[in-house]
Amino acid sequence: MGELANFNTTQAPAFARKGELSTLAKSLAGGGGGGSGGKRISIKGGVFRLMADGKEITSIDDRHLDVVIVNAAPKISRTYYAGTYEEGNTSAPNCWSADGETPDASIDTPQASNCASCPMNVKGSGQGESKACRFSQRLAVVLANDIQGDVMQLTLAATSIFGKEEGDKRPLQAYARYLAAQNINPETLVTRLRFDTKAAVPKLFFQPLRWLEDDEYAVAVDKGASTPAKNAVTMSVSKKADAPLAIEGAKPKAKAEEAESFDEPEKRKPAAKASAVPQKKAGSLAATVDEWDDE
């Protein structure tokens, strides 16, 4: 894929020129949990998989997926498992926090009174130099070629959230800061999700693709305020064995030498940069999604 054409913010449609950042923009940039059983996008194995009620409906061969981010959890959550994670294990985490600050009130034996002082938040408490307690963030998205379609959950691990940008390769927070520097809200445009082909675990980069049309934006706003979107970004942990907490990109039985590295959350002033949004392009996933309700 060639370089994307630069665009000027004066070309933004009227709905995108509001002069202030939305709640969604601030959530993605690190300011400030998903329901199970719905429709979601999995990135297991470095492949985009469309899931419904825990079952894979289809997988996508392309290394990218175009979506509109319509909602996001206001805070980054945390989960801690006492043992080594094993694929297929359906037990609930031993400790978790929806806001990344204090353990959930329902936990019988929290690891600490707050996340900052928790021994599981120390480097080396997990595999290699990693932390045993893992970060994650939930997004609610719709497919760019089927904006009228279902809202889907996308849960990201730390490697897809944090880290520095390298050219047009940006983890979630770097992408959100890149947009925020130009006063652009993510729900006003199509975002391309791309796999980092050099990463040892599934890891996504985020890239602006095009502005939404006026009618598309109106739908995106409605989708973001819908119950499915709110459920998708709300952390819900069941203590029942049949309700696992899925964190996309978490690595099962990771070896110390294979531990993925990333920068911890940091507050910094974003530098203004030109963004890149080429013309609208038709997709081919809508028909597949339309068939979900027939499954």
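The two atoms that bring Y80 and Q111 nearest to each other are CE2-CD, 3.6 Å, heavy atoms only. K230 and A225 make their closest contact through CE-O, 3.3 Å (heavy atoms, listed as atom of the first residue, atom of the second, distance). The minimum heavy-atom distance between Y175 and T191, with the atom names listed, is OH-OG1, 2.7 Å. Counting all heavy atoms, side chain and backbone alike, K39 lies closest to A52 at CG-CB, 4.1 Å. Considering every non-hydrogen atom in both G163 and R177, the closest pair reads O-NH2, 4.5 Å. Contact record, F205 with P171: CD2-N, 3.9 Å, taken as the closest heavy-atom pair.
Of the residues V68, I147, L189, the one that meets the side-chain contact (heavy atoms from CB on, under 4.5 Å) test with E216 is I147.
Shown here are the ring pair (Phe, Tyr, Trp, His ring centres under 6.0 Å) partners of F48, two or more places apart in sequence or in another chain: F195. Applying the side chain to side chain donor-acceptor pair (under 3.5 Å) criterion to D222, with sequence neighbours excluded, gives no partner residue. Residues forming a salt bridge (charged side-chain N to carboxylate O under 4.0 Å, His left out) with E56 (at least two apart in sequence, or on another chain): R49. Checked against side chain to side chain contact (heavy atoms under 4.5 Å, CB included), C115 has the following partners two or more places apart in sequence or in another chain: R78, S97. The side chain to side chain donor-acceptor pair (under 3.5 Å) check on N94 picks up nothing, with sequence neighbours excluded. Checked against side chain to side chain contact (heavy atoms under 4.5 Å, CB included), V151 has the following partners two or more places apart in sequence or in another chain: A140, V142, K223, S226, P228, A229.
Side chain of D214 to main chain of Y217: no donor-acceptor pair is present (N/O by atom type, distance under 3.5 Å, no hydrogens or angles). A donor-acceptor pair is defined here as one N or O able to donate and one able to accept, closer than 3.5 Å; such a pair exists between the side chain of D104 and the backbone of S106. Side chain of S160 to main chain of L204: a donor-acceptor pair is present (N/O by atom type, distance under 3.5 Å, no hydrogens or angles). S125 places a side-chain N or O within 3.5 Å of a backbone atom of M120 that can act as its donor or acceptor partner. N185 places no side-chain N or O within 3.5 Å of a backbone atom of T188 that could act as its donor or acceptor partner.
At a threshold of 4.5 Å between non-hydrogen side-chain atoms, the residues V141 and I41 count as touching. Within the 4.5 Å cutoff, the side chain of N114 has no heavy atoms near those of the E101 side chain.
Note on K203 versus D196: salt bridge recorded, some NZ/NE/NH1/NH2 to OD/OE distance being below 4.0 Å. Classification of K198 and E166 as a salt-bridged pair fails, no side-chain N sitting under 4.0 Å from a carboxylate O. Remark: R192 does not engage D62 in a salt bridge, criterion side-chain N to carboxylate O under 4.0 Å.
Rounding to the nearest 0.5 Å gives a distance of 10.5 Å between OG1 of T79 and CH2 of W96. To the nearest 0.5 Å, the span separating OG on S42 from CD1 on I57 amounts to 12.5 Å. One finds the NZ atom of K169 at 6.5 Å from the CZ atom of R194 (value rounded to the nearest 0.5 Å). Summarising the geometry, atom CZ belonging to R40 is positioned 13.5 Å from atom CG belonging to L139; distances are rounded to the nearest 0.5 Å. With rounding to the nearest 0.5 angstrom, the CG atom of D66 is 5.0 Å from the NE2 atom of H64. Of the inter-residue distances, the one linking D150 atom CG with L143 atom CG reads 9.0 Å to the nearest 0.5 angstrom.
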**Request:** Mind running side chain to side chain contact (heavy atoms under 4.5 Å, CB included) on F206 and L156 for me, showing each step along the way?
**Result:** CA-CA 12 Å; F206 298 76; L156 302 172; 3.6 Å; yes
**Worked verdict on R138 versus S77 for side chain to side chain donor-acceptor pair (under 3.5 Å)** = CA-CA 9 Å; R138 290 157 181 75; S77 57; 2.9 Å; yes
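Residues V47 and M51 do not share a hydrophobic cluster, defined by chaining ILVMFWY side chains whose heavy atoms lie under 4.5 Å apart.
Annotation: cation-pi pair R170/Y178 present, NZ/CZ under 6.0 Å from the ring centroid and within 45° of its normal.
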